[in-house]
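What you see below is based on every heavy atom in this structure, not just the backbone, and it leaves out hydrogens, waters and symmetry mates. In each ligand, atom 1 is the first atom listed, and ligand 1 is the first ligand listed.
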Amino acid sequence: MTARILDGKATALAVRETVAARVARLVEAGVQPGLTVVLVGEDPASQVYVRNKDRAATQAGFDVHTVRLPASTSQTDLIAEVERLNADESVHGILVQLPLPAGLDADAVVRALDPRKDVDGLHPENVAALVMGTQGLVPCTPAGCIEILDRHGIELEGRHVVVVGRSMLVGKPLAQLALARNATVTICHSRTRDLAGICRQADVLIAAVGRAELVKGDWVREGATVLDVGINRGADGKLVGDVEFEAAMQRAGAITPVPGGIGPMTIAMLLSNTATAAARLGGVPESAEEAAVRR
Ligand code: NDP
């Protein structure tokens, strides 16, 4: 068997078109959705991510601003900036690009965000909403994983989802989302025994580890769906995922590539979250069709 490729680029484009239509309707209703990205320091990868987010958000019709602060910014000044954005009615989404330079407390900065504008879904109120199944904003990468499955008709109900990785950014929220879809979920991490054996039981195997090709092709059950969240730079400078792609292709039923898989979906879901935040803050009701790209 050769796996069907789940094309994140094309799927993200479709999501972004839906979001652009939502933005246009919000503007008609008198709300110009605004996104502000806060970038502290000069981390090269963060610069690239921020540029991509800025471009995608501008194309979708958002009013986008990037606040660039030096790496020497103090915790107090960074929190003051977040509070300024919380109070600014033209800003509906605030994204503080992580990681922050050494010496800054990311947790405290996230807690300072107005949870209604926390389009990364990391504020404790949004984490609680996810666990409790109440209204909130969901972290973009996990939301992108669910969205790409939905848009390819891959069901989770009753299936065994194995998530490798338990970060607050990806693994844990993803496991919650799969659980909310009535999947049976196993979460693996660095202390898991017999990782290979557990992966082989997965109907849907999701790797979010950050170790190049940790998940071997023969860990993939015949016909399983594989989502590869990992972004690692190989010795040759090329991007590789957490899954041995070529070998996994021979066994999986469907698989996301790296690059061009979950990465573009993450940006699309950021835009979707920002449109959701703008609609809620602006008091503009959205249709059921629009609600389909938010959870
Ligand atoms: P973290 O480093 O925060 O978490 C990694 C997780 O992997 C941890 O839970 C860790 O376990 C687990 N782990 C590490 N080594 C092993 C191992 N040998 N076996 C099993 N589990 C292991 O990473 P993130 O969740 O933030 O990111 C994961 C990957 O996804 C990275 O490559 C990152 O670049 C990428 N990423 C991609 C995004 C996208 O848009 N596509 C967005 C966000 C992240 P333990 O908890 O025990 O330490």
- prompt: Between Ile262 and ligand 1, is there a nitrogen or oxygen pair with a distance under 3.5 Å?
  reply: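 The answer is no, given that Ile262 and ligand 1 share no N or O pair closer than 3.5 Å.
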Give yes if a backbone or side-chain nitrogen or oxygen of Asp242 is under 3.5 Å from a nitrogen or oxygen of ligand 1, and no if not.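 In this structure, Asp242 places no N or O atom under 3.5 Å from an N or O of ligand 1.
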Note the single closest protein heavy atom to [atom], along with its residue, its atom name and the distance in Å.
| atom | result |
| --- | --- |
| atom 42 (C) of ligand 1 | Thr141 OG1, 3.2 Å |
| atom 47 (O) of ligand 1 | Ser190 OG, 2.5 Å |
| atom 18 (N) of ligand 1 | Leu214 CD1, 3.7 Å |
| atom 33 (C) of ligand 1 | Ile231 N, 4.2 Å |
| atom 27 (O) of ligand 1 | Val170 CG2, 4.4 Å |
| atom 25 (O) of ligand 1 | Ser167 OG, 2.5 Å |

Given that the side chain starts at C-beta and the backbone is N, CA, C, O, which of these parts of [X] lies under 4.0 Å from ligand 1, counting heavy atoms, or is it both or neither?
| X | answer |
| --- | --- |
| Val229 | both |
| Thr266 | side chain |
| Arg211 | side chain |

[X] near ligand 1 by a heavy-atom separation under 4.0 Å:
| X | answer |
| --- | --- |
| Ala208 | yes |
| Thr192 | no |
| Cys188 | no |

Which ligand 1 atoms are under 4.0 Å away from a heavy-atom of [X]?
| X | answer |
| --- | --- |
| Gly165 | 6 (C), 7 (O), 9 (O) |
| Gly263 | 40 (O), 41 (N) |
| Leu195 | 19 (N), 20 (C) |

Whether the side chain of [X] engages the backbone of [Y] through a donor-acceptor N/O pair (distance < 3.5 Å, no angle test) should be reported.
| X | Y | value |
| --- | --- | --- |
| Ser167 | Val170 | yes |
| Arg200 | Asp218 | yes |
| Lys117 | Leu85 | yes |
| Asn273 | Val119 | yes |

- Message: Could you tell me if the side chain of Val185 sits less than 4.5 Å from the side chain of His160, heavy atoms only?
- Response: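 No, every pair of side-chain atoms sits at 4.5 Å or beyond.
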**Q.** From CA spacing to verdict: side-chain contact (heavy atoms from CB on, under 4.5 Å), Gln47, Asp43
**A.** CA-CA 6 Å; Gln47 308 264 0; Asp43 180 63; 5.8 Å; no
### Same cluster (ILVMFWY, side-chain, under 4.5 Å), Ile187 and Ile198
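Different hydrophobic clusters.
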Checking side-chain contact (heavy atoms from CB on, under 4.5 Å) for the pair Leu156/Asp203: CA distance, chi angles, key distance, verdict?
CA-CA 9 Å; Leu156 290 180; Asp203 297 312; over 6 Å; no
In Å, rounded to the nearest 0.5 Å, how long is the span from OG1 of Thr266 to NZ of Lys53?
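Reported to 0.5 Å precision, the distance equals 8.5 Å.
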Practice problem: Take Gln97 and Val38, measure what side-chain contact (heavy atoms from CB on, under 4.5 Å) needs, and give me the verdict at the end. | Solution: CA-CA 6 Å; Gln97 183 66 43; Val38 180; over 6 Å; no
Check: residues 234-256 side-chain donor-acceptor pairs under 3.5 Å, at least two apart:
{"from": "Asp236", "atom 1": "OD1", "to": "Lys238", "atom 2": "N", "distance (Å)": "3.0"}
{"from": "Asp242", "atom 1": "OD1", "to": "Gly210", "atom 2": "N", "distance (Å)": "3.1"}
{"from": "Asp242", "atom 1": "OD1", "to": "Arg211", "atom 2": "N", "distance (Å)": "3.0"}
{"from": "Asp242", "atom 1": "OD1", "to": "Asn232", "atom 2": "ND2", "distance (Å)": "2.9"}
{"from": "Asp242", "atom 1": "OD2", "to": "Val209", "atom 2": "N", "distance (Å)": "2.6"}
{"from": "Asp242", "atom 1": "OD2", "to": "Gly210", "atom 2": "N", "distance (Å)": "2.9"}
{"from": "Glu244", "atom 1": "OE1", "to": "Gly217", "atom 2": "N", "distance (Å)": "2.9"}
{"from": "Arg251", "atom 1": "NE", "to": "Val220", "atom 2": "O", "distance (Å)": "2.6"}
{"from": "Arg251", "atom 1": "NH2", "to": "Val220", "atom 2": "O", "distance (Å)": "3.2"}
{"from": "Thr256", "atom 1": "OG1", "to": "Asp228", "atom 2": "N", "distance (Å)": "2.8"}

Of the listed options [options], closest to [atom] (non-hydrogen atoms):
| atom | options | answer |
| --- | --- | --- |
| atom 23 (O) of ligand 1 | Leu169, Val209, Asp228 | Val209 |
| atom 29 (C) of ligand 1 | Pro99, Gly144, Gly8, Gly210 | Gly210 |
| atom 9 (O) of ligand 1 | Arg166, His189, Met265 | Arg166 |

Query - Distance-only donor-acceptor check, side chains Arg22 and Ser272, under 3.5 Å - result: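 A donor-acceptor contact under 3.5 Å links the two side chains.
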